[in-house]
Amino acid sequence: METINKLQKRRSRIYSSEARVAYICLIPAFFGLIFLTYLPLFGVLGISLTNWTGLKNPEFIGFENYIKIFTADPYIKDSIIATIYFAALSVIGSMIYSLFIAMLLNRKIPARSFFRAVFYVPYVLPAVSIYVGWSWLYEGNFGFFNYLLSEVGLNKILFIADSSYVVPSLSLISVWLAGNLIVIFLAGLQNVPSVYHEAAEMDGANGWERFRHITLPCMTPIIFYNLLMSLIANLQVVTPALALTNGGPGNSSRFLTYLMYDQAFVNYRLGYACATTLIIFAILAVFTVVLFKTSNRWIYNEGGDDK
């Protein structure tokens, strides 16, 4: 009995020591969350209640900025619609594209490592240079895409100068930049147990049936992660508008983040811009909560427990 008590005390000391080390290692992360996330967030909330221009002392005006946004801002409705439209096209397109490419790159093909690098490289290139390069492809008269259309006898399209095409055209670039999602999907595919596929093949399942009943369920946690990250990134889109369209034509690509940028750094209405930022944050929060609340209906856990 005495020996058991000594072992328990020793184990307790070890656990206490490990706990202390863990807390010490977490200190930088806590400081990062406090000073780089929570304090700036409260700072944005405070500034949004003022009419601060950055050039004089802020004046407290309460919720006046929020009232103006929803009652007097001529751009807010178009900005919300454009942002959600862009995010929907980009998220759906990038998820389908990246999973398809990842499945191809997971097969035993010649120069597989080279092709994996090729599809990942666009993600790490400077974003502005990517969008400028695509603007040459989209050029209304001599762009590559319009050249292909003219070769097959179709009318040319003003991809980024027509309000009907600008958001889908920008979304296509976003899909092409989804190299990070491809890498994550590829890692997930390599962790799908091969014994499941072997057993299904022995039972006569074809490729589509194996994908639907084995690969896709096993990949649902990875799909959830990529879906969440892609949704957050695309709801905060700003680079296409800054690099190519300046929010046009009309207001068709005046995304919420571009609206925030315009108010803060062009009109010097920092309080108004911070209020717009919190609206973006609220939209992100709503979509994120909905995604988490519905995830337990479709995420498969190998252990059989609900999420």
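Here, residue 1 is the first one in the sequence, and each next residue gets the next number.
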Given side chains that start at C-beta, do those of [X] and [Y] come closer than 4.5 Å, heavy atoms only?
{"X": "Asn234", "Y": "Ser174", "value": "yes"}
{"X": "Leu189", "Y": "Thr215", "value": "yes"}
{"X": "Tyr138", "Y": "Ile173", "value": "yes"}

Hey, could you give me the [atom1]/[atom2] distance between [X] and [Y], rounded to the nearest 0.5 Å?
{"X": "Phe119", "Y": "Leu186", "atom1": "CZ", "atom2": "CG", "result": "11.5 Å"}
{"X": "Thr239", "Y": "Leu244", "atom1": "OG1", "atom2": "CG", "result": "10.0 Å"}
{"X": "Phe30", "Y": "Tyr38", "atom1": "CZ", "atom2": "OH", "result": "9.5 Å"}
{"X": "Tyr75", "Y": "Ser79", "atom1": "OH", "atom2": "OG", "result": "9.0 Å"}
{"X": "Thr245", "Y": "Arg254", "atom1": "OG1", "atom2": "CZ", "result": "9.0 Å"}

I need the single residue from Val166, Asp78, Ile160 that forms a side chain to side chain contact (heavy atoms under 4.5 Å, CB included) with Ser253. Which is it?
Val166

Side chain to side chain contact (heavy atoms under 4.5 Å, CB included) with Tyr123: which of Asn180, Val183, Leu181?
Asn180

Centroid separation [X] to [Y] less than 6.0 Å:
{"X": "Phe142", "Y": "Tyr147", "value": "no"}
{"X": "Phe224", "Y": "Phe292", "value": "yes"}
{"X": "Trp134", "Y": "Tyr131", "value": "no"}

Minimal non-hydrogen separation, Met219 against Gly188, with atom names:
SD-C, 3.4 Å

Going by distance alone, is a donor N or O of one side chain under 3.5 Å from an acceptor N or O of the other, for Tyr272 and Asp73?
yes

Modelled atom types, side-chain donor and acceptor of Ser98 and Asn226, under 3.5 Å
no

Any donor-acceptor pair under 3.5 Å from [X] side chain to [Y] backbone:
{"X": "Asn65", "Y": "Ser48", "answer": "yes"}
{"X": "Arg210", "Y": "Ala200", "answer": "no"}
{"X": "Asn191", "Y": "Ala187", "answer": "yes"}
{"X": "Asn51", "Y": "Glu59", "answer": "yes"}
{"X": "Ser169", "Y": "Phe159", "answer": "yes"}
{"X": "Asn206", "Y": "Glu209", "answer": "yes"}

Return all side-chain donor-acceptor pairs below 3.5 angstrom for residues 258-265, not counting sequence neighbours, or 'none' if the list is empty.
from	atom 1	to	atom 2	distance (Å)
Tyr258	OH	Asn246	O	3.3
Gln263	OE1	Arg269	NH1	3.4

Go through the structure and list residues passing side chain to side chain contact (heavy atoms under 4.5 Å, CB included) with Ile279, not counting sequence neighbours.
Ile69, Phe70, Ile283

Taking everything shown except Phe145 itself, do over 12 heavy atoms lie less than 6.0 Å from its CZ?
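Check passes, neighbour count above 12.
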
Can you tell me if Arg212 has over 12 outside heavy atoms packed within less than 6.0 Å of its CZ?
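At most 12 heavy atoms, drawn from other residues, nucleotides or ligands, come within 6.0 Å of this atom.
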
Between Thr276 and Tyr66, does a side chain to side chain contact (heavy atoms under 4.5 Å, CB included) hold up when you go through it step by step?
CA-CA 8 Å; Thr276 307; Tyr66 296 94; over 6 Å; no

Residues in salt bridge (Lys or Arg N to Asp or Glu O under 4.0 Å) with Lys77, at least two apart?
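Result, salt bridge (Lys or Arg N to Asp or Glu O under 4.0 Å) vs Lys77: none returned.
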
